[in-house]
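To keep things clear, I will list the structure first and then write my remarks on it.
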Amino acid sequence: MSALDELRDSGRLGEHGARLLYDMVAAIGRFRRFPAPSGRRPWTADDVAEVAHAFLTHRRTPARLASIALEASDDSSLARLFNTAVLNYLRDEARASDRGHLITRMRDVLSRDPARFVRLEATQLGDVHWSLRHHQEEAPWTGDLSDLVFAAWQLTDLVPIRWVSADRRSPVADERSWQTLAEAVLNAAAAPVPERSLADVAEARFNHITRPTVVELTDLDYPLDEPDPTASADTVDADTDAIWPQLTERDRVIIAHHQANVRQLATVLGLGKSAAAEARNQCMARLRLFTAHLEDPDAVALTLADRAMYWLDRTTSMDSSSEQ
Amino acid sequence: MMDPPSSTPPQEGDDVSAIPHPTDLELARWADGADDSTSERVDGHLRTCQPCKVRAAQADGPLPTADASTIAGLAATSPQLSQQVQHAVTQRRGLEPAAGQLWRLSWRAQTILAVLVDAAPESGGWLVVPVTTDAEWADQYTLIIDEASSPAGAPLALWAALRTTVPTECLDRPLAELGLRKELETAYNAFLDDAPIPNVLPDTMTTGTPIISPADERWEYRETVSERISAMAAVAEELANPALAPDLMQVLEAQGVELADFARVLDLSTETAYDVVMGNAGLPADKIEPAAEVLGVPVDAIALEPRAEPAVLRLLARPDIRDELERRATPIGRPAATLWSEFETHMLKVAARETGVGGQRTERWEKILHAWLDAQG
């Protein structure tokens, strides 16, 4: 009996399914460099069992298992769907992007500019609201959230901070971006906005939504630690240093091949041509976003390209050298 | 560990898109020296796919193994599927396809959920809307059925704007009755009109918010869903041209014919020959027979028309369109050539998705063009 047969027959993972999950967690821990619960590398048997158990008892896993059962047509597709579900679960955990943290960060940043932003306590409006100073006397906003999300996406120069780290949470965005976002959204509302609605908008704008169930997207994982070949106090290098950790591995491969045509890029990315072109468009859009406000964006882009080529060469040749 | 992937640079013409990226477990078994067909496939994939090479290079340590009590403990912890879901995946096989049903589509190890909207008798297929289980990732034309009302044990997102026609051969299993044909039409018409969905949806149904920037991660999600449903639509071409099922590049390799020689014999540029072999372009009429002879395939297999919708190609060729794009490039500080390349990609991609089998809507191309230009700033 296969893992899929077990799932269909009993409606739950059986021995084969549990072993598949265990092996999948172990493989993902091994290749994606997520931190092990014990903090040691490589992952131990206890680390794998702990994460597999946490995955199974996570509140979203019944929905994940339902998606897998509905989509899997054979054992091969079951394994592929499980791989994505576990990977997305670990990414969610690693992002540490819970809503409480996002609201704390938002409060912290907006409180630093009391000349512009006013916090209206719960006792006044029944819920904590934020307002621009000149709108604080207006009746509370009760409009359509999508209007505020739309206003937030009109801002093209916000700089999200996407890095992941085992021991620190991302500040989500830099201070200027947080304040620009809040000002635009509160202006669009022209009234005090509930804090939770402002957080909803920030979640949408800064891509802090929960990872999908069984659809895999490019994301930040834990890349190899690499020495910086060009470290110096130079502004260009400092800007490059700030952007580098925010690039996914796929972004780095694309930037390293910035002179390749779409066909060549499709080959190195293992994608079809249209998907490769789309991946490049998105990478370039992110790069423009990260560099647009810099003093010398072209120089930073060139330095990033050099670093990406060095990184790719070093990363892939490390595998060869370790064999000798 | 087995030999590391070769550092041979990728060759133009290598087509790895047909080979899915290995799962982490497949990669682990390859790294641990498994000698089976999966590892052979992984080995071939790693010769060209650099993100996977990077992933392989990050390995540390062998896989820990689990004892029987650990496995039994995990199995005991497993959530239970709802009766609805279990019923869906075990009991409904054999049901005739009908509009409003939720189906699993499957082809060559790729799967996706979809709701059947209408039969497409001219192509022998079904007009379908792709379905996912991630409500948070929906856009404004995607109908969301919340978990409590969903027959699937999870929220369902029905991507009305991504509808396309797929051959009946892709329909793998019926899973549930959704109905919603009228609502899907309403959402699709709103998409065509670039207008909000009228407020006629039932209370149990919502939509997502608009995606207006490529920086929104939902953009990539939507593109991924679009790619997956387009892959099902493309099965029609494979069924219509069975000789293409093994890629012509593989035929070329099997015959020991180099791409450059193929191009020289037919008096084509290497680039054109590549497009022909990859199925992206048709051959001039006078080249078809000699090409079939060189490749050892039936004439029909290589007498393909280009995939792109002709109206799109005509639009792309219009000088006023190119002029307009160049005018727009300067104020937003983008090189015109880059903008043009992105535009071509976008248009051809939309065309491939929209046309699918028998669904041409040529009046929309210019509107799509202007929407795209506006989105660039």
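Order of the sequence lines sets the chain letters (A, B, ...), proteins ahead of strands, with each chain counted from 1.
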B/Asp216 and A/Arg205: CA distance, side-chain angles, deciding distance, side-chain contact (heavy atoms from CB on, under 4.5 Å) verdict: CA-CA 7 Å; B/Asp216 188 336; A/Arg205 181 60 182 84; over 6 Å; no
Where does [X] contact chain B at under 4.5 Å (heavy atoms): side chain, backbone, both or neither?
{"X": "A/Gln282", "value": "side chain"}
{"X": "A/Arg64", "value": "neither"}
{"X": "A/Ser10", "value": "backbone"}
{"X": "A/Leu158", "value": "neither"}
{"X": "A/Thr44", "value": "backbone"}
{"X": "A/Gln154", "value": "both"}

Test: [X] and [Y] ion pair at under 4.0 Å:
{"X": "A/Arg250", "Y": "B/Glu220", "value": "yes"}
{"X": "B/Asp32", "Y": "A/Arg30", "value": "yes"}
{"X": "A/Glu71", "Y": "B/Arg173", "value": "no"}
{"X": "A/Arg211", "Y": "B/Glu217", "value": "yes"}
{"X": "A/Asp23", "Y": "B/Arg29", "value": "yes"}

Considering all heavy atoms of both residues, which atom of [X] and which atom of [Y] are nearest to each other, and what is their separation?
{"X": "B/Ala57", "Y": "A/Thr315", "result": "CB-O, 3.3 Å"}
{"X": "B/Thr70", "Y": "A/Ala49", "result": "CG2-CB, 3.8 Å"}
{"X": "B/Pro64", "Y": "A/Tyr22", "result": "O-CE2, 3.5 Å"}
{"X": "B/Thr65", "Y": "A/Ala45", "result": "O-CB, 3.9 Å"}
{"X": "B/Ser78", "Y": "A/Leu13", "result": "OG-N, 2.9 Å"}
{"X": "A/Leu70", "Y": "B/Leu113", "result": "O-CD2, 3.9 Å"}

[X] side, atom [atom1]; [Y] side, atom [atom2] - distance, nearest 0.5 Å:
{"X": "A/Leu87", "Y": "B/Thr23", "atom1": "CG", "atom2": "OG1", "result": "11.0 Å"}
{"X": "A/Asn281", "Y": "B/Trp219", "atom1": "CG", "atom2": "CH2", "result": "9.0 Å"}
{"X": "B/Arg47", "Y": "A/Thr267", "atom1": "CZ", "atom2": "OG1", "result": "13.5 Å"}
{"X": "A/Asn83", "Y": "B/Leu27", "atom1": "CG", "atom2": "CG", "result": "10.0 Å"}

If you count heavy-atom pairs within less than 4.5 Å of chain B, which of A/Ser73, A/Ala66, A/Pro42, A/Ala63 leads? A/Ser73
Flag the one option from A/Leu7, A/Leu65, A/Val86 with the top tally of heavy-atom pairs under 4.5 Å to chain B. A/Leu65
Most heavy-atom pairs under 4.5 Å with chain A, out of B/Ala135, B/Ala154, B/Ser106, B/Ala66, belong to B/Ala66
So which of B/Glu26, B/Gln140, B/Arg228 has the biggest tally of heavy-atom pairs under 4.5 Å with chain A? B/Arg228
Which pairs with one or both residues in residues 43-52 of chain A pass salt bridge (Lys or Arg N to Asp or Glu O under 4.0 Å), sequence neighbours excluded? none
Hydrogens and angles aside, do B/Thr111 and A/Ser77 bring a side-chain donor and acceptor to less than 3.5 Å of each other? no
Indicate whether the side chain of B/Asp134 and that of A/Thr213 have a donor and an acceptor atom separated by less than 3.5 Å. yes
Take A/Arg12 and B/Leu81, measure what side-chain contact (heavy atoms from CB on, under 4.5 Å) needs, and give me the verdict at the end. CA-CA 6 Å; A/Arg12 54 189 300 143; B/Leu81 293 176; over 6 Å; no
Region of [X] in contact with chain A, defined by heavy-atom distances below 4.5 Å:
{"X": "B/Thr224", "answer": "side chain"}
{"X": "B/Gln83", "answer": "neither"}
{"X": "B/Ile112", "answer": "backbone"}

What do the steps show when you test B/Gln50 against A/Leu312 for side-chain contact (heavy atoms from CB on, under 4.5 Å), and what is the final call? CA-CA 8 Å; B/Gln50 299 214 9; A/Leu312 186 58; 2.7 Å; yes
For [X] and [Y], indicate whether the former's side chain and the latter's backbone hold a donor-acceptor pair under 3.5 Å.
{"X": "B/Arg104", "Y": "A/Ala72", "answer": "yes"}
{"X": "B/His21", "Y": "A/Gly270", "answer": "yes"}
{"X": "A/Arg8", "Y": "B/Gln86", "answer": "no"}

When you look at B/Leu74 and A/Leu56, which way does the side-chain contact (heavy atoms from CB on, under 4.5 Å) test go after all the steps? CA-CA 8 Å; B/Leu74 289 175; A/Leu56 286 173; 4.0 Å; yes
Using a 4.5 Å cut-off on heavy atoms from C-beta on, say whether the side chain of A/Leu269 contacts that of B/Pro51. yes
Which pairs would a plain distance check flag for residues 146-153 of chain A, meaning a side-chain donor or acceptor within less than 3.5 Å of a matching protein atom at least two apart in sequence or in another chain?
from: A/Ser146; atom 1: OG; to: A/Asp144; atom 2: OD1; distance (Å): 3.1
from: A/Ser146; atom 1: OG; to: A/Asp144; atom 2: OD2; distance (Å): 3.4

Out of B/Leu25, B/Val54, B/Asp24, which one pairs with A/Phe31 under the side chain to side chain contact (heavy atoms under 4.5 Å, CB included) rule? B/Asp24
